**Student:** 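The structure is given below, and queries will be raised subsequently.
Every chain is numbered from 1, with letters handed out A, B, ... down the list of sequences. Just so it is clear, the structure is predicted and the values come from calculations on it, not from any experiment.
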Number of protein chains: 2
Amino acid sequence: MSDNQTLAADLKSTGLKVTVPRLKVLELFEQSSTRHLSAEDVYKALLHEDLDIGLATVYRVLTQFEQAGLLRRSNFESGKSVFELNEGSHHDHLLCLECGKVVEFFDAGIEERQQAIATKHGFALQEHSLALYGHCQVADCEGKRARRGRG
Amino acid sequence: MSDNQTLAADLKSTGLKVTVPRLKVLELFEQSSTRHLSAEDVYKALLHEDLDIGLATVYRVLTQFEQAGLLRRSNFESGKSVFELNEGSHHDHLLCLECGKVVEFFDAGIEERQQAIATKHGFALQEHSLALYGHCQVADCEGKRARRGRG
DNA sequence: TTTATTGCAAAACCTTTGCATGTAT
DNA sequence: ATACATGCAAAGGTTTTGCAATAAA
């Protein structure tokens, strides 16, 4: 729900110059119905908008956005990184092995125990990576894994 | 417990032929003081024993061992897979970002909650991946940290 | 103008694969 | 003897990097 003015302002506030590739990548994340996108996803989506933005630039922009705190990166078992808008609230992920659906969740109990475990072993906890994998019960998914969703 | 007889028997019981590369890789995991090894680690360790075992073979053997249930594979943030002996008991990992130390832990509470979260979202939980990252308090590790002037 | 950013292609990584040779059973 | 395993080199997929051209400030 952000116009280009706001997007540009968001960019400026991170100290990054406002350029077409950066605006478009940010806009894509803001507007996409799919929250989680890989570099390739972003690259192809931009191509479909007839934007000639190189894959290398996409990677650079994604990395810069991650460092600027605009995006969060996750490494699921797919072997490639996926990015999502960083809206401040930490969460972990639950993924469907069948249809690729991604559910976000936060569990205070798990967070607490992680902290306790680190402390118990004499570690200062810095970050963690948690992903659950399973099969969702949606009819569409259980029945046919044929389709692979693309935003 | 880890003489060649036993190792060979372990191999046979998986249906895999007993070959030098397989014996040596298994032996390495049994004898190594480092539980968690990457393909490259294994490759180099074997080289140091003057064994001419190709990297491709190492990858093939590791994959076969994983499928046979002899090894477990983890994908930490390093970007490469690490393998460890599968001793049957599930555990997750706590890693030191500084020195690379790996601590294994199991927490029934976390396991329970993961199950509950999956169920709540209508998922049949299949597997999960959990890794905690932090800084260990070991002097040796702290020292490195200080020397590098980053904290 | 000055400095940062882009695009392209090439390289860097980790991992897998094709194929001819070699080995276990 | 046969089927499977190995080594090498080449290729695969994802991500990074060098560099000249380009665009933002």
**Student:** Between the opening five pairs and the closing five pairs of the helix from C/dT1-D/dA25 to C/dT25-D/dA1, how far apart are the helix axes, to 10°?
**Tutor:** 30°

**Student:** Which pairs pass salt bridge (Lys or Arg N to Asp or Glu O under 4.0 Å) with one or both residues in residues 48-58 of chain B, sequence neighbours excluded?
**Tutor:**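 Residue pairs passing salt bridge (Lys or Arg N to Asp or Glu O under 4.0 Å), neighbours aside: none found.
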
**Student:** In B/S/- notation, 5' to 3', how is nucleotides 8-15 of chain C contacted by protein heavy atoms closer than 4.0 Å?
**Tutor:** BB----SB

**Student:** Rounded to whole angstroms, how far apart are CG on A/Leu46 and C1' on C/dG7?
**Tutor:**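 Rounding to the nearest Å, CG of A/Leu46 and C1' of C/dG7 are 14 Å apart.
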
**Student:** Without decimals, in angstroms, what is the distance between A/Phe76 CZ and D/dT14 P?
**Tutor:**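 After rounding, the gap between these two atoms is 16 Å.
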
**Student:** Do A/Ser38 and A/Asp41 get their side chains close enough for a donor-acceptor pair, meaning under 3.5 Å?
**Tutor:** yes

**Student:** Separation of A/Leu23 atom CG from C/dA4 atom P, in whole Å?
**Tutor:** 19 Å

**Student:** Can you pull out every salt bridge (Lys or Arg N to Asp or Glu O under 4.0 Å) where at least one residue sits in residues 74-90 of chain B? Sequence neighbours excluded, please.
**Tutor:**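 For residues 74-90 of chain B: B/Arg35-B/Glu84, B/Arg35-B/Glu87.
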
**Student:** Using atom CD of B/Gln64 as one end and atom C1' of D/dC4 as the other, report the distance to the nearest whole Å.
**Tutor:** 10 Å

**Student:** For A/Phe106, what are the other residues in its hydrophobic cluster, where any two members join if their side-chain heavy atoms are less than 4.5 angstrom apart?
**Tutor:**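 Besides A/Phe106, the cluster holds no residue at all.
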
**Student:** Can you check the B/Arg22 CZ to C/dG22 P distance for me, whole Å?
**Tutor:** 19 Å

**Student:** Which residue pairs pass the ring-ring contact (aromatic ring centres under 6.0 Å, His included) test when at least one of the two sits in residues 9-31 of chain B, sequence neighbours left out?
**Tutor:** none

**Student:** Hydrophobic cluster mates of B/Val20, side-chain heavy atoms under 4.5 angstrom, ILVMFWY only, any path?
**Tutor:**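 None; B/Val20 is a cluster of one.
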
**Student:** Indicate for each nucleotide in nucleotides 20-25 of chain D, in 5' to 3' sequence, whether protein heavy atoms under 4.0 Å reach the base (B), only the sugar-phosphate (S), or nothing (-).
**Tutor:** ----BS

**Student:** Round to the nearest Å and state the distance from A/Leu47 atom CG to C/dG7 atom C1'.
**Tutor:**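 Distance check: A/Leu47 CG to C/dG7 C1' gives 13 Å.
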
**Student:** Can you tell me which residue pairs pass the salt bridge (Lys or Arg N to Asp or Glu O under 4.0 Å) test with a partner in residues 122-138 of chain A, sequence neighbours excluded?
**Tutor:**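 Every candidate salt bridge (Lys or Arg N to Asp or Glu O under 4.0 Å) pair involving residues 122-138 of chain A fails, so no pair, neighbours aside, qualifies.
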
**Student:** Do any side-chain atoms of residues 110-118 of chain B form donor-acceptor pairs under 3.5 angstrom with protein atoms, and if so which ones, sequence neighbours left out?
**Tutor:**
unit_1	atom_1	unit_2	atom_2	d
B/Glu111	OE2	B/His90	NE2	3.0
B/Arg113	NH1	A/Asp107	OD1	3.4
B/Gln114	OE1	B/His128	ND1	2.9

**Student:** Can you tell me how far P of D/dG7 sits from OH of B/Tyr43, to the nearest Å?
**Tutor:**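 After rounding, the reported distance stands at 10 Å.
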
**Student:** Identify the heavy atoms of B/Lys101 and B/Val138 that sit nearest to each other, and give their distance.
**Tutor:** NZ-CG2, 3.0 Å

**Student:** Taking side-chain contact (heavy atoms from CB on, under 4.5 Å) as the definition, give me every residue that meets it alongside A/Ala131, ordered by chain and number, with sequence neighbours left out.
**Tutor:** A/Phe76, A/Leu95, A/Tyr133

**Student:** For a quick test of your reading: what N or O donor-acceptor pairs under 3.5 Å do the side chains of residues 53-75 of chain A make, sequence neighbours left out?
**Tutor:**
unit_1	atom_1	unit_2	atom_2	d
A/Thr63	OG1	A/Tyr59	O	2.9
A/Gln64	OE1	A/Arg22	NE	3.3
A/Gln64	OE1	A/Arg22	NH2	3.3
A/Glu66	OE1	A/Arg73	NE	3.0
A/Glu66	OE1	A/Arg73	NH2	3.1
A/Arg72	NH1	A/His91	O	3.3
A/Arg73	NH1	A/Ser81	OG	3.3
A/Asn75	OD1	A/Ser81	OG	2.7

**Student:** A/Leu37 has an atom CG; how far is it from atom P of D/dT15, in whole Å?
**Tutor:** 13 Å

